[in-house]
Amino acid sequence: MRWNQVDQQAHVEVLVVGISGNQPVEERIRSLYPDRLDEWVRRGDISTKQGELRLLPTLTGTVERVLFVGLGKAEGLTTDSLRRLLGKAAQFLKARKLAKVTVDATTFPNQPVELIAEAFGLATYNVKHYKTSTHATYELDLTIWSDAGEQDVVRGAALAEATNLARRLVTMPGNLLTAPALADEARFIAERYGHELQILEKEEMEALGMGALLAVNQGSTIPPKLIVLEYKGAGDEAPIAVVGKGVTFDTGGYSIKPKDGIVGMKGDMGGAAAVLGLFEALGQLKPNVNVLGVIPATDNMISGDAFKPDDVITSMAGKTIEILNTDAEGRLVLADAVTYAKEYKPKMIIDLATLTGGVLVALGTEITGALTNNAALYERFEAVTQETNEMIWQMPYVDQFIKQVRRSDVADLNNSPGRMGHMIFGGAFVGEFVGDTPWLHLDIAGTSEQKAASELGPKGATGVMVRSLYRFVEQEK
């Protein structure tokens with residue numbers, strides 16, 4: 001993506017402009033349609049209604065065609081409605097294979113350069129596939145006209161690219177994106193941007209006593225990896241720790257998922273994908289903050305060696321856990337990952353996981369469920385999600401739920417108190433390993449993938465929370 005100031009002499013294949021019902025059309029746009037544009041608007045041939053699109057060839061000048069984007073009353077536009085309008089325009093052009101696009105940001109409210117770059121990058125994302133007969137891939141070539149700074153284009157494009165990286169990973173099948181392959185993805189990012197990287201092997205996890213993560217891996221022939229990334233942009237300051245569940249395929253273990261529920265479990269590493277997307281954005285944008293990323297990576301398989309209901313295991317923190325449900329495995333891998341993250345003495349911990357079906361029952365597919373032990377942390381993060389429209393909703397983290405996680409005749413904790421309220425139980429279990437560190441738990445099981453396309457991308461993986469995480473850590477510097 002490129003930025004330059006408005007250049008009326010430049011040749012443009014498609015110029016995207018906003019047109020409002022209560023603001024005059026700029027003279028340079030009117031000049032492309034001598035004596036005709038106002039009449040067309042008046043007749044409704046070019047509609048100012050919000051969401052209406054009209055693509056017209058020009059009658060003169062260096063612009064070949066103009067896409068008019070109806071804004072309605074411009075002052076009534078929210079950030080998200082404008083983001084979606086821009087995404088709709090991008091997809092309209094993509095469907096017509098018009099890739100060389102110029103957007104005149106000065107015709108949109110407040111010249112939203114970053115939003116334009118972000119929306120066009122998200123909306124034109126191409127889903128990775130493995131078909132042998134392929135067609136030419138659409139590659140957007142975007143220029144933004146504005147008298148604002150180029151850094152806004154860079155930021156918007158970087159956040160879109162980072163989100164699309166997470167989308168690509170969630171879409172990959174489990175036989176290709178194994179725990180070692182996920183570690184390779186982290187290595188590519190670390191080498192590209194100079195992040196510090198450690199990849200702990202199974203033997204090192206055994207030495208550290210990571211019995212929870214290792215129990216989940218017991219049934220697999222593929223070794224687990226604990227991926228540890230560090231971005232250091234703020235000297236010796238304590239880092240913000242971000243922990244992402246990286247279960248690359250989840251059968252449910254001996255508490256096996258039904259045939260319909262097991263399809264799609266390649267995406268059970270959406271939290272890990274979000275962490276890697278965050279580190280992609282950190283590498284490109286380089287804010288003055290320290291961030292620690294921890295990803296416990298394994299699959300959850302069935303074999304003669306797999307862990308079983310009624311087993312008792314010991315976590316890295318020394319807490320014993322009675323296994324009541326081998327399909328409640330995400331909280332187990334997070335327990336050891338959070339314990340490991342605490343070794344770095346972070347100022348806060350945020351964990352993300354496609355953790356429970358219960359969050360879909362409670363909140364559907366548009367809102368991420370959240371638990372926290374720190375109201376101020378939640379409020380700051382929730383404010384950021386209002387900007388990105390990655391909505392979250394706080395669930396109760398109270399003694400009644402915590403006591404049920406601690407209810408076991410044979411161990412310190414149980415991993416599955418039951419179906420009722422189990423989104424909260426999953427998060428509350430992770431909370432047992434956080435201690436006094438400010439903590440935010442995000443259950444993205446409902447929001448990590450969508451069954452239908454939207455103005456901001458195709459159906460499937462959403463890359464949820466990459467943009468929110470980046471904006472949050474950036475403001476915490």
Side-chain angles (χ1 to χ4, degrees), residues 174-175 178-179 202 205-206 209-226 244-272 295-317 319-339 351 353-361 404-433 443 445:
N175 63 322
T178 60
K202 184 175 182 179
M205 297 179 214
E206 290 171 340
M210 290 187 171
L213 172 53
L214 290 169
V216 176
N217 180 253
Q218 274 178 215
S220 179
T221 59
I222 299 171
K225 306 286 181 181
L226 188 75
K245 174 186 171 184
V247 175
T248 57
F249 192 84
D250 181 21
T251 65
Y254 277 108
S255 305
I256 191 168
K257 294 179 182 292
K259 64 181 178 65
D260 293 331
I262 205 169
V263 175
M265 284 300 104
K266 65 181 183 178
D268 209 15
M269 35 57 67
I295 297 170
T298 181
D299 49 9
N300 182 23
M301 303 298 286
I302 301 171
S303 74
D305 295 322
F307 76 136
K308 311 172 296 298
D310 291 336
D311 283 1
V312 175
I313 62 176
T314 303
S315 67
M316 180 182 174
K319 295 179 186 287
T320 56
I321 304 164
E322 180 183 12
I323 303 302
L324 299 180
N325 181 357
T326 62
D327 195 23
E329 87 301 331
R331 65 203 69 178
L332 298 175
V333 302
L334 288 173
D336 280 346
V338 164
T339 302
D351 79 80
T354 48
L355 204 67
T356 66
V359 75
L360 284 97
V361 176
Q404 292 188 59
V405 170
R406 295 173 180 171
R407 187 175 296 155
S408 172
D409 294 332
V410 295
D412 299 319
L413 306 170
N414 78 81
N415 81 322
S416 184
R419 294 290 296 171
M420 305 298 287
H422 71 283
M423 179 264 154
I424 300 171
F425 292 144
F429 182 93
V430 179
E432 290 296 290
F433 298 85
D443 191 336

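- Asp250 has its side chain within reach of Asp327: a pair of non-hydrogen atoms, C-beta onward, lies under 4.5 Å apart.
- The shortest distance between side-chain heavy atoms of Ile262 and Phe249 falls below 4.5 Å.
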**OP:** Assess whether side chain to side chain donor-acceptor pair (under 3.5 Å) is satisfied between Asp412 and Thr320, documenting all intermediate values.
**Re:** CA-CA 5 Å; Asp412 299 319; Thr320 56; 3.1 Å; yes
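- Side-chain contact between Ile323 and Leu332: present, with at least one pair of heavy atoms (C-beta onward) separated by less than 4.5 Å.
- Checked by atom type and distance alone, the side chain of Asp443 pairs as donor or acceptor with a backbone atom of Ala445 at under 3.5 Å.
- Side-chain atoms of Asn325 do not come within 3.5 Å of backbone N or O of Ser416 as any donor-acceptor pair.
- Qualifying salt bridge (Lys or Arg N to Asp or Glu O under 4.0 Å) partners for Asp268, counting only residues two or more places apart in sequence or in other chains: Lys245.
- Residues Leu413 and Arg406 meet the side-chain proximity criterion, which asks for heavy atoms closer than 4.5 Å.
- Proximity of Asn300 to Phe307: side-chain heavy atoms (C-beta onward) are separated by under 4.5 Å at one or more points.
- Formation of a donor-acceptor pair under 3.5 Å by the Arg407 side chain with backbone atoms of Pro417 is not found in this model.
- Using a 4.5 Å heavy-atom cutoff, the side chains of Pro309 and Thr326 are in contact.
- Note that the CD1 atom of Ile295 and the NZ atom of Lys225 stand 13.5 Å from one another [nearest 0.5 Å].
- Note: Ile313 CD1 to Gln218 CD = 8.0 Å, rounded to the nearest 0.5 Å.
- Rounding to the nearest 0.5 Å gives a distance of 12.0 Å between OG1 of Thr248 and CE of Met265.
- Atom CG in Leu334 sits 5.5 Å away from atom CG in Asp351 (nearest 0.5 Å).
- Distance check, rounded to the nearest 0.5 Å: CG of Asn414 to CD1 of Ile321 gives 10.0 Å.
- Only one option out of Leu360, Val359, Leu355 pairs with Met423 in a side-chain contact (heavy atoms from CB on, under 4.5 Å); it is Val359.
- Remark: of the listed residues Thr339, Asn217, Leu226, Leu226 is the sole one forming a side-chain contact (heavy atoms from CB on, under 4.5 Å) with Met210.
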